[in-house]
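Step one of this worksheet: look at the structure below.
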Amino acid sequence: MKRDRALVTKEEQVRHAIHDAVSRTSRKPFTWGGLAGYDQLDAIAQALHRIPSASETAYLRSLNPQLDRALEVNRSLVDDVRAAHSCLRHIADCLHYRPDSTASQSSSVASHDVRQEMEALLAQFRPDPKEQVAQAALQCAWHRVWKAWESDLLTCYDLAGLPPDNLRLESFFNRIRQHERRISGHASTRPLGALGAYQLLFVADSEHELLAHLRRVPLADYQVHRQRVAQCEASRQQRYRFHHDPAHAIQTLLDQHATRRATLAAAHSPEGP
């Protein structure tokens, strides 16, 4: 018997969410993709354990043993990585570092005070290299970086107005590169080397002139291409939902799956239309 396409689509979305969780990465220093992926996988597993037993949920329920095994096998490693992540947060607090802040380092913090706090934190952090592999790796990298770049890392505390990093500048140019790829359709952003300065300003000097530029495109063509963009963005938006609230995202999918099952059951019942 051929299965309903809507149910299969929801099951595919659940499978894609699981694949995203086990292969999730992140370039942000304080957002570790492995931990977030494990939490996302745990939320999916909890939701799948709550679905009722029925013939139409057999595939979803068949995923539970594999999810439980993956969570159990990696539980100790996740605890180790989570502790290392917590230690990284302590390092950032010791440096008075706020990556989401627009202000520079506080002038009330002196470099010698930060050095003393850091050395005290280094002295008390002693993980077991055999049992706590992730924490030991963090300790090794921490010692190496602090020994090589200590004076350079502390410069921003002695010079007023000097930011502790260039992340805001990098984020700005990343947005410019993403925009270039989207409008050109090419992976290379080499044209920005010559024309990047003009990307920072828009040619329209007023809202009226901006609307005039936009109205050059026929409305029917715009709607067709906008629909294509929406279809291409659907999978990315789904990943976004699972990254920010995996429990709500998986429950939404399962509720849609249940609604479709109820609709099919009502259509095939004797009293149905």
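- Atom CD of Q227 is surrounded by 12 or fewer heavy atoms from other residues, nucleotides or ligands within 6.0 Å.
- Once rounded to the nearest 0.5 Å, the distance linking OG of S86 with CZ of R89 reads 9.5 Å.
- Atom NE2 of H257 and atom CD of E11 lie 4.0 Å apart (nearest 0.5 Å).
- When only modelled atom types and interatomic distance are considered, D42 and Q46 share a side-chain donor-acceptor pair under 3.5 Å.
- Side chains of Q238 and L253 form a contact here, defined as non-hydrogen atoms less than 4.5 Å apart.
- Of the N and O atoms on the side chains of Q178 and R175, not one donor lies less than 3.5 Å from an acceptor on the other residue.
- The same ILVMFWY cluster, assembled from side-chain heavy atoms under 4.5 Å apart, contains both L35 and V22.
- A distance-only check finds no donor-acceptor pair linking the side chain of D113 to the backbone of V109 [under 3.5 Å].
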For this session: Check the pair W146 / E119 against side-chain contact (heavy atoms from CB on, under 4.5 Å), numbers first and verdict last.
Result: CA-CA 9 Å; W146 184 251; E119 291 177 351; 4.3 Å; yes
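- Between the side chain of S26 and the backbone N or O of T31 there is at least one donor-acceptor pair closer than 3.5 Å.
- Residues L7 and Y59 have side chains not in contact (no heavy-atom distance under 4.5 Å, counting atoms from C-beta outward).
- Contact detail for L121 and C94: the closest heavy-atom pair is CD2-CB, 4.3 Å.
- Using a 4.5 Å cut-off on side-chain heavy atoms (C-beta onward), K10 and R261 make no contact.
- One distance of note links CG of L60 with CD1 of I51; it measures 4.5 Å at 0.5 Å rounding.
- Taking the side chain as every heavy atom from C-beta outward, Q40 and R239 never approach each other to under 4.5 Å.
- A donor atom on one side chain and an acceptor atom on the other are not found under 3.5 Å apart for R15 and H19.
- For the pair E233/R236, a side-chain contact is recorded, criterion being any heavy-atom separation below 4.5 Å from C-beta on.
- The two atoms that bring Y38 and L71 nearest to each other are OH-O, 2.9 Å, heavy atoms only.
- Put simply, CD on E12 and OG on S235 are 12.5 Å apart, with the number rounded to the nearest 0.5 Å.
- Ion pair D39/R24 not flagged as a salt bridge, since none of the NZ, NE, NH1 or NH2 atoms sits closer than 4.0 Å to an Asp/Glu carboxylate oxygen.
- Residues R82 and W32 fail the side-chain proximity criterion, which asks for heavy atoms closer than 4.5 Å.
- No side-chain donor-acceptor contact under 3.5 Å links T57 to the backbone of S53.
- Atom CD of E131 sits in a sparse spot, with 12 or fewer heavy atoms from other residues, nucleotides or ligands closer than 6.0 Å.
- A heavy-atom distance below 4.5 Å is not found between the side chains of E56 and R260.
- Cluster annotation: V133 and F125 are assigned to distinct hydrophobic clusters (Ile/Leu/Val/Met/Phe/Trp/Tyr, side-chain heavy-atom contacts under 4.5 Å, transitive).
- Residues D80 and A134 come closest through the heavy atom pair OD2-N, 2.7 Å.
- Taking a cutoff of 4.0 Å between a charged side-chain nitrogen and a carboxylate oxygen, R69 and E72 do not qualify as a salt bridge.
- Judged by distance alone, the side chain of R61 and the main-chain N or O of A54 form a donor-acceptor pair under 3.5 Å.
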Exercise. Hey, mind stepping through Q132 and Q139 against side-chain contact (heavy atoms from CB on, under 4.5 Å) and telling me if it holds?
Worked result: CA-CA 11 Å; Q132 301 168 318; Q139 181 196 34; over 6 Å; no
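- L67 is connected to L77 through a chain of hydrophobic side-chain contacts under 4.5 Å among Ile, Leu, Val, Met, Phe, Trp and Tyr, so both are in one cluster.
- Other residues, nucleotides and ligands place more than 12 heavy atoms under 6.0 Å from the NE2 atom of H49.
- Note on W149: it clusters hydrophobically with W142, by side-chain heavy-atom contacts below 4.5 Å among ILVMFWY residues.
- Under the 4.5 Å side-chain heavy-atom criterion for grouping Ile, Leu, Val, Met, Phe, Trp and Tyr, L122 is connected to L88 within one hydrophobic cluster.
- Here the side chain of T155 pairs a donor or acceptor atom with the backbone of S151 at under 3.5 angstrom.
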